[in-house]
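Below is one structure, written out as structure tokens; the observations come after it.
These numbers come from a predicted model, not from an experiment. Residue numbers begin at 1 in each chain, while the letters A, B, ... track the order of the sequences.
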Number of protein chains: 2
Amino acid sequence: MKSIAENTINRLIVYKKELGRLLKDSVSNVYSHKLAQLSGFPSHLVRRDLMNVGYYGSPAHGYKVNELEKCISDFLCTPDYVRVILIGVGNLGRAILDYCNQQNPKISIIAAFDSDKNKVNKIYHGIYTFHIGSVQNYIKENDIKVAIITVPGSEAQKIASEIVESGVNGIVNFTPVRLQLPDDVYIENLDMMLGLEKVVYFVDGG
Amino acid sequence: MKSIAENTINRLIVYKKELGRLLKDSVSNVYSHKLAQLSGFPSHLVRRDLMNVGYYGSPAHGYKVNELEKCISDFLCTPDYVRVILIGVGNLGRAILDYCNQQNPKISIIAAFDSDKNKVNKIYHGIYTFHIGSVQNYIKENDIKVAIITVPGSEAQKIASEIVESGVNGIVNFTPVRLQLPDDVYIENLDMMLGLEKVVYFVDGG
DNA sequence: ATCTGTGAACTCGTTCACAGCT
DNA sequence: AGCTGTGAACGAGTTCACAGAT
């Protein structure tokens, strides 16, 4: 495991996104202060983070946008194309199918799964939906490593255990359940209610 | 501002949720190890966190589930009823309307807003949708402090500025845009793509 | 003059280890 | 024996401040 802090990774992903935006606007150079303003982090953190990825700018012109974007992408090891599956084609699942296809072209949701007969064999936002019963074979045959779980909480643990058993070792968990899985499985919990509660806390306290 | 770390708040919210689940199952006492296992954090962190909120258990019986749940809720200052609005009734917005209504009864989305004439005056998952043009008045008249933004990225900054001007000081931002707002506005960025990219990174690197 | 790069200091969250209690 | 509570040690992330470069 790389010895880079999780927070650093978060910021790098944000930088990458902002750099992509600058690229679109044909901006060729950027200073740490500008990148800091765009991403919302202090400029000295930006410089420190870029030290970590090993990219060096010049005092005169700052950083070259295209080179830096490439460098961060490489650092994040984003391969050319990562294939991800989504499990649970409810409201949230469909929203994510829609959302993700508009974003990062290097990460694609290539299949969806659900237990509802009415959804199986249908296409949502361009993604084919299979029956949940076939998910384990699908993972093995296609060597899937990352899955998004948007099933009801009551089913989350069972499905998570199954897909991990089949080879998945990275999960984006949108359910409110804390999944019990082996330590070598990376879990990103994105419980939306938790985010909302946090905001309520900090607004209240401020 | 309270001098409690953001991570601690995150964990407390998770504890609270797990305690609520234990309450439903009529479990009356819980040890730090058990709570640790359920929430996925080490037990000594659990104990340290509970020190922060000022709740004390007994070596013999651990913590009383109902008391501890109450204590954490009080600490998080969750008032009886927090009213939140949602802006942008697209796929994601509707999914959140659906999702949140099933969860925490103390935090309610009481209104939705959209610019699409076809959505205005409609009810989604029990929430009435108003035209975006009326959002500023609505915030002032109902003293809204927290908003969820699920509009397209291109509109996010404009709307965020408007609602902050009207009195909102806490935002759950589901768009990929980094909002530029005064420092006293608390922003929780929940860009789903970022979560996915993080998982891809850690899976790849592991 | 202004920006980058970085050693060093510092802060603070986490972990350790053990005393105290039942 | 096994739990909680906590002072103390630890360590990692962040900030500071300035040397170096253009």
Side-chain angles (χ1 to χ4, degrees), chain A residues 1-15 18-19 22 27-69 71-72 75-76 183 198 201-202 205, chain B residues 1-15 18-19 22 27-69 71-72 75-76 183 198 201-202 205:
Chain A
M1 184 70 73
K2 304 187 188 78
S3 62
I4 294 285
E6 195 175 320
N7 282 353
T8 306
I9 300 302
N10 282 332
R11 289 192 298 268
L12 287 174
I13 295 171
V14 174
Y15 302 151
E18 293 300 331
L19 288 167
L22 290 173
V27 177
S28 60
N29 297 291
V30 67
Y31 294 109
S32 63
H33 293 81
K34 180 64 177 171
L35 201 48
Q37 185 222 325
L38 290 173
S39 56
F41 306 113
S43 59
H44 49 80
L45 247 187
V46 173
R47 294 204 297 280
R48 181 66 73 186
D49 288 335
L50 298 192
M51 263 186 72
N52 279 324
V53 315
Y55 183 79
Y56 297 95
S58 84
H61 307 102
Y63 309 97
K64 291 193 176 178
V65 176
N66 57 348
E67 283 182 14
L68 180 54
E69 200 276 344
C71 191
I72 292 177
F75 181 85
L76 291 175
D183 287 346
K198 205 206 274 191
Y201 171 79
F202 281 109
Chain B
M1 184 68 74
K2 304 187 188 78
S3 63
I4 294 284
E6 197 175 319
N7 281 353
T8 306
I9 300 303
N10 283 332
R11 288 192 298 267
L12 287 174
I13 295 171
V14 175
Y15 302 151
E18 293 301 332
L19 288 167
L22 290 174
V27 178
S28 60
N29 296 292
V30 67
Y31 295 109
S32 63
H33 293 81
K34 179 64 176 172
L35 202 48
Q37 186 222 327
L38 290 172
S39 56
F41 306 114
S43 60
H44 49 78
L45 247 187
V46 173
R47 293 204 299 277
R48 182 64 74 183
D49 288 335
L50 298 192
M51 262 185 74
N52 279 324
V53 316
Y55 183 80
Y56 297 95
S58 82
H61 307 103
Y63 309 97
K64 291 194 175 177
V65 176
N66 58 348
E67 283 182 15
L68 181 53
E69 200 275 346
C71 191
I72 293 178
F75 181 85
L76 291 175
D183 287 345
K198 205 205 270 189
Y201 172 79
F202 281 109

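Rounded to whole angstrom, the span from the CG atom of A:L35 across to the C1' atom of C:dT4 amounts to 13 Å. Counting to the nearest Å, the C1' atom of C:dT6 and the CE atom of A:M51 are 5 Å from each other. In this structure, B:H61 atom NE2 and C:dT22 atom P are separated by 11 Å, rounded to whole Å. Regarding A:N52, its CG atom lies at a distance of 12 Å from the P atom of C:dG5, rounded to whole Å. With rounding to whole Å, B:N29 atom CG is found 14 Å from D:dT4 atom C1'. If you take CG of A:L68 and P of C:dT4, they are 11 Å apart, rounded to a whole angstrom. Protein atom OH of A:Y63 is 16 Å distant from nucleotide atom P of D:dA21, rounded to whole Å. Remark: P of D:dG5 and CG of B:L50 are 8 Å apart, rounded to the nearest angstrom.
Interatomic distance, CG of B:L50 versus CG of B:L68, reported as 5.5 Å (0.5 Å rounding). One finds the CG atom of A:N66 at 11.5 Å from the SG atom of A:C71 (value rounded to the nearest 0.5 Å). Expressed to the nearest 0.5 Å, how far CG of B:L38 lies from CG of B:L19 amounts to 8.5 Å.
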Give the table of side-chain donor-acceptor pairs shorter than 3.5 Å for residues 42-49 of chain B, with sequence neighbours excluded, one pair per line with atom names and distance.
unit_1	atom_1	unit_2	atom_2	d
B:R47	NH1	B:S32	OG	3.4
B:D49	OD1	B:R11	NH2	3.0
B:D49	OD2	B:R11	NE	2.6
B:D49	OD2	B:Y15	OH	2.7

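The phosphate of C:dT22 has neither OP1 nor OP2 within less than 4.0 Å of any side-chain N or O from B:Y31. For the OP1/OP2 pair of D:dC3 and a distance below 4.0 Å, the side-chain nitrogens and oxygens of B:Y56 include no atom meeting the criterion. For the pair B:S58 and D:dT4, the criterion of a side-chain N or O lying under 4.0 Å from OP1 or OP2 is not met.
Using a 4.5 Å heavy-atom threshold, the side chains of A:Y201 and B:L12 count as separate.
Nearest approach of B:E67 to B:Y55, heavy atoms of both residues: OE1-OH, 3.0 Å. Pairing each heavy atom of A:V30 with each of A:L35, the nearest pair is CG2-N, 4.0 Å.
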Once each nucleotide of nucleotides 9-18 of chain C is scored for protein heavy atoms under 4.0 Å, what B/S/- sequence comes out, 5' to 3'? ----SSBB--
